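First up is the structure itself, then whatever we jot down about it.
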Amino acid sequence: MVDRGASALALPDDWPAHPDPILALNRMGSFDWDLDTGLMQMDAQAHEVFDLCPEEYDGRPETLSRRVPGTEGIRLDTLVSQALKDGSENYGAYFRIRCRDGSLRWTHTQGYIRRDETGRPRRIIGIVRDATQELGERAARREQAAQDEARRQQTNVVQITTAALAHARTVQDVIDVLKDSHGLTHLGATSLVMGLVEAGRIRLVAEGPAGSFVPGTMVTRIDEQYPMSEAVRTLAPRFIDSPEDFAESYPLLWPHITDLKITSAAYLPLIAQARPIGAMGLLYNDRRGFSSEERNVLVALGSSIAQSLQRAMFYEQEKDLAQGLQQAMLPRSIPNVPGADIAVRYRSASLGRDIGGDWYDVIPLPGGRVGAVIGDVQGHDTHAAAVMGQLRIVLRAYAAEGHTPATVMARASVFLHELDTERFATCLYAEADLSTGVVQLVRAGHIDPLIRDNDGTCRRQPVEGGLPLGLSALFGRLEYPVETVELDPGQTLVLCTDGLVEQPGIDLDEGMHTLIELIRSGPDDVRDLADRLIDVAEERGGDDDVALLALRRRGAGPRQSGGRLQQHVAPGDPEALTEARHMIRAAVSAWGAGERADEVELVADELITNALMHTEGSAIVTLRVLSGPGRRLRAEVEDSSSALPRRREAGESGVSGRGLLLVDRLADVWGVEARGGGKCVWCEFLVPERD
């Protein structure tokens, strides 16, 4: 409060011998400070300002220290010294003095510095005056300004809090907004408690300061003697002005919270659509009572909080309903598939009532095979979920019927096209033979799968795909190319929907690269890996669902070279039939089943011949070794005819009719499976374990 810019005093050279009468009339004392001698002369009015008798002052400035507190004196000396050094002509300052009765009084001084021709300061002349009234008026103005500013800040807090609450989706979001630095703490509250009305009771959702929970108050009745219960019961705010008021009004609660040093509190009913949905309490430890303006502000704030809280409660109810419906559409459990570790995960979007059409499925198939499905129906609503549920069921049925992966996808597309819907779906279907590691992949507009190797490296597996399901049938383009890869023991196949890849502001390739890095650095166990990927998706948020399926082929034993062989035999092609016989003979010998080589070759040849003779198409011969309880050699012959083979009596001189009898006698077990529009006749032979 230094008046550096004060105007210089226009004083005569013989001052203070003849002081200006105007100074005395204005109750201003004057002084003349000789800097060479260090003596300071003061007139009678100056003595009065300093509350000194003339005989108590000896002309030395140090004598005034009994009236000027130490900190004030240091501040004043620093100011004068700086003015003398920097060439200033004058200075001014407000400081306090201590009167005889010990009270402090504000004083103002203004000095004019006289210098010689060299600029050296020689003399200071000036005035001192009582500034109590002046500063009192200023203090009153400051107090009024402070009150206006406090009122403005309170109104601003309501506006800021209301704006922040507009983005709160859940009840916890509302509580977090209120506890935030821009929330109710700006109103001076130390902490906040909140309860929601549920079935005639109040359930605590925010319990105030850490460690302040009162046993027995998690759920309370509305008719109990608690402040939140009273606010809900009366639909009126309850303002507690003092600790005594608190202790007298709520004797059940007060003994448990005396350590919190609460001096006042405000409990507000949270009313929405003319009914109480809860109550909120603001606790203070540095004030007593509430002004009318403060009460009005808190009541207005309570109304805004109630509206946001009701919106959050509706959102949570809708989200719970949507998640329940989504989970009901997904498989309740994943089957235990021998030879593989499988983990599936699903994360719903953050869009309340909106429900997505993402799904996964695992389908056990004959012969040690398994089908893995990941898909996404267009849209986020209950219709998308309904379409997803139907599509999942029919796709599972087509796969279980034995159709090839391409046929499964084509038939699912036709089914979706024939539904009364305009929705389409992307899908990826993988059929894995876990005994050999051969995986057939078919993609319908979906993102590519990923494969993680044993050393942790991960790569994108490109799959030439077709149109999404529904669209391919609409445009008559039902051809789905099949990509065949081999999954070694320990390798993991990862299928997911685009919610795990796409991020705002990032293109698909960059998102896929990020996902590859996450898988590469993730844990080996598929369940832990799936958990980590979903956790990342949860932290990232986003408005799209995420479905994930990870399949890791177990390394139960050493991988057998040539564990699966296949040969296509066209009708009327004797060379192909001969090559198939050579393949069978060589495979049986290489796989250590030489003792049964004749039996296997004879039965396989019979099945191939029957397929060529009794159907109009070609035959596909597959030979492989199955591990597990008892080592088995399996031969399959697939054709395009749905007519099942049947036994006939050959008669004594009959040439035909003995084939199935031969198969039944030589094979340990045999059977027939539907494969799309055709069938597969298979047989198995127990063979000795290899050393």
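Numbering starts at 1 and runs along the sequence shown. Computed from a predicted model, the values in this text were never measured in an experiment. As a basis for the values below, the full set of heavy atoms in this structure was taken, side chains included, without hydrogen atoms, waters or symmetry mates.
Remark: side-chain polar atoms of R452 are paired, donor with acceptor, to backbone N or O of G522 under 3.5 angstrom. Under the 3.5 Å distance criterion, the side-chain polar atoms of R347 are left unmatched by any main-chain donor or acceptor of I534. D173 contributes a side-chain N or O that, together with a main-chain N or O of T170, makes up a donor-acceptor pair within less than 3.5 Å. With E224 contributing its side chain and R221 its backbone, the two residues share a donor-acceptor pair below 3.5 Å. In terms of modelled atom types and a separation under 3.5 Å, the side chain of D525 and the main chain of D528 share a donor-acceptor contact. T497 places a side-chain N or O within donor-acceptor distance of the main-chain N or O of A547, the cut-off being under 3.5 Å. Between the D448 side chain and the V463 main chain, a donor and an acceptor come within less than 3.5 Å of each other. Without hydrogens or angle criteria, E294 side chain to S291 main chain gives a donor-acceptor distance under 3.5 Å. Proximity of a side-chain donor or acceptor of H446 to a complementary backbone N or O of C496 within less than 3.5 Å is detected. Panel note: side chain R396, backbone V362; a donor-acceptor pair is recorded below 3.5 Å.
Taking CD of E422 as the reference point, atom CD of Q378 lies at 9.0 Å (rounded to 0.5 Å). Interatomic distance, CD1 of I519 versus OG1 of T457, reported as 11.5 Å (0.5 Å rounding).
Counting heavy atoms from C-beta outward, L298 and F239 have side chains that approach closer than 4.5 Å. Annotation: side chain of I374 is not in contact with side chain of C427 (no heavy-atom distance under 4.5 Å). Within the 4.5 Å cutoff, side-chain heavy atoms of L441 are placed close to those of P449. Side-chain atoms of L283 and Y267, non-hydrogen and from C-beta on, do get closer than 4.5 Å to each other. With a 4.5 Å cut-off on side-chain heavy atoms, Y346 and V546 do not count as touching. With contacts defined as side-chain heavy-atom distances shorter than 4.5 Å, the pair V373/R392 does not qualify.
No hydrogens or angles considered: nothing links the side chains of S103 and R96 as a donor-acceptor pair under 3.5 Å. Inspection of the R233 and Y226 side chains reveals no N or O donor paired with an N or O acceptor under 3.5 Å.
Heavy atoms from other residues, nucleotides or ligands lying under 6.0 Å from CD of Q172 number more than 12. Heavy-atom neighbours of D259 CG from other residues, nucleotides or ligands within 6.0 Å: at or below the threshold of 12.
In this structure, D341 pairs ionically with R554, as a charged nitrogen and a carboxylate oxygen lie closer than 4.0 Å. Between R288 and D241 there is no salt bridge, since no side-chain nitrogen of the basic residue lies less than 4.0 Å from a carboxylate oxygen of the acidic one. A salt bridge is defined here as a Lys NZ or Arg NE, NH1 or NH2 lying under 4.0 Å from an Asp or Glu carboxylate O, and R459 with D453 meets this definition.
Scored by the side-chain contact (heavy atoms from CB on, under 4.5 Å) test, S264 finds Y284, R287, F290 as partners (sequence neighbours excluded).
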For L204 and M228, what are the C-alpha separation, side-chain angles and deciding distance, and is it a side-chain contact (heavy atoms from CB on, under 4.5 Å)? CA-CA 10 Å; L204 203 63; M228 279 201 297; 3.5 Å; yes

Where do S229 and R238 land on the side-chain hydrogen bond (donor to acceptor under 3.5 Å, both in side chains) test, with the steps shown first? CA-CA 10 Å; S229 299; R238 176 66 168 95; over 6 Å; no

Show your reasoning for whether side-chain contact (heavy atoms from CB on, under 4.5 Å) applies to D361 and L395. CA-CA 9 Å; D361 206 354; L395 197 147; over 6 Å; no

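When each of L500, V536, V494 is checked for a side chain to side chain contact (heavy atoms under 4.5 Å, CB included) with L515, only L500 meets the rule.
The nearest pair of heavy atoms linking V526 to R552 is CG1-CB, 3.3 Å. In terms of heavy atoms, G302 sits closest to L270 at O-CD2, 3.6 Å.
In this structure, R75 fails the cation-pi test against F95, since its NZ or CZ atom is not both closer than 6.0 Å to the six-membered ring centre and inside 45 degrees of the ring normal.
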